Amino acid sequence: MTATASFRPVIAHSQPSNDTPSYGSTRLRHPIHAPLRIPQTLTETRGPRFAADRFGVLTDLSVTNGKPAIGERIIIRGRVVDEEDRPVPHTMIEIWQAAGRYAHPGDQLDAPLDPNFHGGGRVFSDGDGWYQFTTIKPGAYPWGNHHNAWRPHHIHYSLFGAGFAQRVVTQMYFPGDPLLALDPIFLAVPDQVARERLIAQVDIDITAPGRALGYRFDIILRGRDATPTEKV
């Protein structure tokens with residue numbers, strides 16, 4: 001007989017609220033009516049098949065066409081697991097970031113763009129849930145949420161399950177960043193212990209000697225110790 005683990009609901013205040021007044025965009029985004037249950041078909045639950053042989057893989061964001069990007073090269077490595085620390089294999093993880101400015105027409109910040117850094121990548125967790133990518137450490141940048149608002153260094157993550165309806169989005173931050181204490185998005189997670197799960201840790205075993213400092217960032221998809229995620 002196969003043993004099954006009991007469901008562990010998330011702890012109160014460990015996930016961000018849809019309506020966070022200090023984060024101005026939530027006034028436009030959060031639901032104002034009760035949610036409706038919509039029956040799901042195979043299209044939503046089983047498709048498309050997110051696999052490396054169907055979607056391009058880009059694990060090194062620090063090089064474009066053989067030319068290195070400007071900035072501090074870093075390596076991010078971690079595991080995607082469930083609440084029982086069991087690996088979630090073959091998960092498609094999309095990542096995007098700014099090195100001071102996003103390589104996107106919508107970002108008109110008066111800051112230079114590095115032609116050898118585009119800020120986007122895609123990796124897959126392996127059979128044991130491990131993923132890894134190389135990038136340039138992101139920079140802080142101003143945003144229009146409030147007077148003199150600056151976002152801390154961060155990397156966006158989007159993880160896909162077996163279909164479009166199975167997706168979570170989160171952000172990874174860096175230890176010791178003084179802007180964390182001022183950031184409404186980071187502080188949208190009320191519980192301090194849960195917030196700290198969004199902060200990667202320096203890991204000398206991941207560090208490539210003479211090349212790139214390593215960081216460890218694990219993602220727990222559900223349960224009492226779940227990584228805080230954005231509602232999408």
Side-chain angles (χ1 to χ4, degrees), residues 50-80 90-126 129-145 149-160 167-180 182-183 185-186 198-219 227 229-230:
F50 297 112
D53 60 352
R54 295 171 60 91
F55 292 84
V57 176
L58 177 58
T59 60
D60 191 348
L61 286 65
S62 69
V63 177
T64 298
N65 296 326
K67 299 179 180 179
I70 298 172
E72 179 187 348
R73 187 186 299 111
I74 60 175
I75 299 170
I76 311 293
R77 178 172 170 81
R79 292 182 76 217
V80 183
H90 316 305
T91 299
M92 187 172 80
I93 306 170
E94 293 185 328
I95 45 185
W96 67 97
Q97 64 170 96
R101 175 183 171 187
Y102 286 100
H104 188 279
D107 190 341
Q108 295 299 309
L109 178 66
D110 183 17
L113 281 176
D114 184 351
N116 299 322
F117 184 77
H118 297 158
R122 182 183 294 118
V123 298
F124 287 80
S125 61
D126 65 16
W130 288 99
Y131 74 91
Q132 180 172 310
F133 64 93
T134 302
T135 187
I136 298 297
K137 188 174 182 179
Y141 59 81
W143 61 310
N145 185 74
W150 288 77
R151 293 272 9 246
H153 310 271
H154 65 280
I155 298 177
H156 298 269
Y157 279 66
S158 174
L159 294 86
F160 289 87
R167 181 189 180 212
V168 296
V169 175
T170 191
Q171 297 185 32
M172 186 202 85
Y173 298 93
F174 290 81
D177 190 336
L179 290 174
L180 290 174
L182 306 173
D183 185 57
I185 298 180
F186 178 69
L198 295 172
I199 303 175
Q201 299 300 320
V202 173
D203 192 319
I204 201 66
D205 292 328
I206 298 172
T207 297
R211 174 175 171 79
L213 188 63
Y215 291 86
R216 173 79 179 264
F217 184 62
D218 296 335
I219 300 171
T227 301
T229 59
E230 302 172 22

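Being a predicted model, the structure only gives us computed values, none of them experimental.
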Counting C-beta onward and ignoring hydrogens, is there a side-chain heavy-atom pair between Tyr131 and Thr91 closer than 4.5 Å?
no

Validation row: Asn116, Asn65 side chains within 4.5 angstrom (heavy atoms)
no

Rounded distance (nearest 0.5 Å) linking atom CZ of Arg216 with atom CD1 of Ile204
14.5 Å

Looking only at non-hydrogen atoms, find the nearest pair between Ala52 and Val57 and report the distance.
CB-CG2, 4.0 Å

Over 60° means perpendicular and under 30° means parallel, so tell me whether Phe160 and Phe50 are parallel, tilted or perpendicular.
tilted

Has Asp110 got more than 12 heavy atoms of other residues, nucleotides or ligands less than 6.0 Å from its CG?
no

Using the ring of each side chain (for Trp, its six-membered ring), is Tyr215 parallel, tilted or perpendicular to Phe174, with breaks at 30° and 60°?
perpendicular

Side-chain contact test, heavy atoms from C-beta onward, threshold under 4.5 Å: evaluate it for Ile185 versus Tyr173 and give yes or no.
yes

Smallest separation among heavy atoms of Leu113 and Ala103, with atom names
CD2-CA, 4.1 Å

Measuring from Leu213:CG to Glu72:CD, what's the distance to the nearest 0.5 Å?
6.0 Å

Tightest non-hydrogen contact, residues Ile136 and Gly71, listed as CG2-CA, 3.8 Å

Might you point out which heavy atoms bring Pro142 and Leu109 nearest each other, and give the distance in Å?
CG-CD1, 3.6 Å

Could you check if a side-chain atom of Gln132 sits within less than 4.5 angstrom of a side-chain atom of Ile75, using non-hydrogen atoms only?
yes

Where Gly214 and Ile206 come nearest, the two heavy atoms and their spacing
CA-CG2, 3.8 Å

Which residues satisfy the side-chain hydrogen bond (donor to acceptor under 3.5 Å, both in side chains) test with Trp150, sequence neighbours excluded?
Asn148

Does the Asp177 side chain pair with the main chain of His153, one donor and one acceptor, at a distance under 3.5 Å?
yes

Just verifying a value: how many Å separate Thr207 OG1 and Arg77 CZ, rounded to the nearest 0.5 Å?
12.5 Å

Nearest 0.5 angstrom please: Tyr157 OH to Thr170 OG1, how far?
9.5 Å

Would you confirm whether His118, through its side chain, and Gly120, through its main-chain N or O, come within 3.5 Å as a donor-acceptor pair?
no

Minimum heavy-atom distance between Gly100 and Ala111, given as atom pair plus value:
O-CB, 4.3 Å

Flag, side chain of Arg73 to backbone of Arg211, donor-acceptor distance under 3.5 Å
yes

If you define the side chain from C-beta out and look only at heavy atoms, does anything of Gln97 sit under 4.5 Å from Thr135?
yes

Kindly assign one of parallel, tilted or perpendicular to the pair His156 and His154, based on the angle between their ring planes and the thresholds 30° and 60°.
perpendicular

Inter-residue atom distance Arg167.CZ - Thr229.OG1, 0.5 Å rounding:
11.0 Å

Above 12 or not: heavy atoms from other molecules or residues under 6.0 Å from CD1 of Ile70?
no

Would a distance-only check, ignoring hydrogens and angles, find a side-chain to backbone donor-acceptor pair under 3.5 Å from Asp107 to Arg101?
no

Is the centre of the Phe124 ring less than 6.0 Å from the centre of the Phe55 ring?
no

Begin from the C-alpha positions of Thr134 and Thr59 and carry the test side-chain contact (heavy atoms from CB on, under 4.5 Å) through to its verdict.
CA-CA 6 Å; Thr134 302; Thr59 60; over 6 Å; no

Full working for side-chain contact (heavy atoms from CB on, under 4.5 Å) between Arg151 and Asp183:
CA-CA 6 Å; Arg151 293 272 9 246; Asp183 185 57; 2.9 Å; yes

Any Phe117 side-chain heavy atom under 4.5 Å of Leu61 side chain:
yes

Test side-chain contact (heavy atoms from CB on, under 4.5 Å) applied to Leu180 and Ile199, step by step:
CA-CA 10 Å; Leu180 290 174; Ile199 303 175; 3.9 Å; yes

Could you tell me the separation between the CZ atom of Phe133 and the CD1 atom of Ile95, rounded to the nearest 0.5 Å?
3.5 Å

Using only heavy-atom distances, determine whether the side chains of Arg79 and Ser125 contain a donor-acceptor pair under 3.5 Å.
no

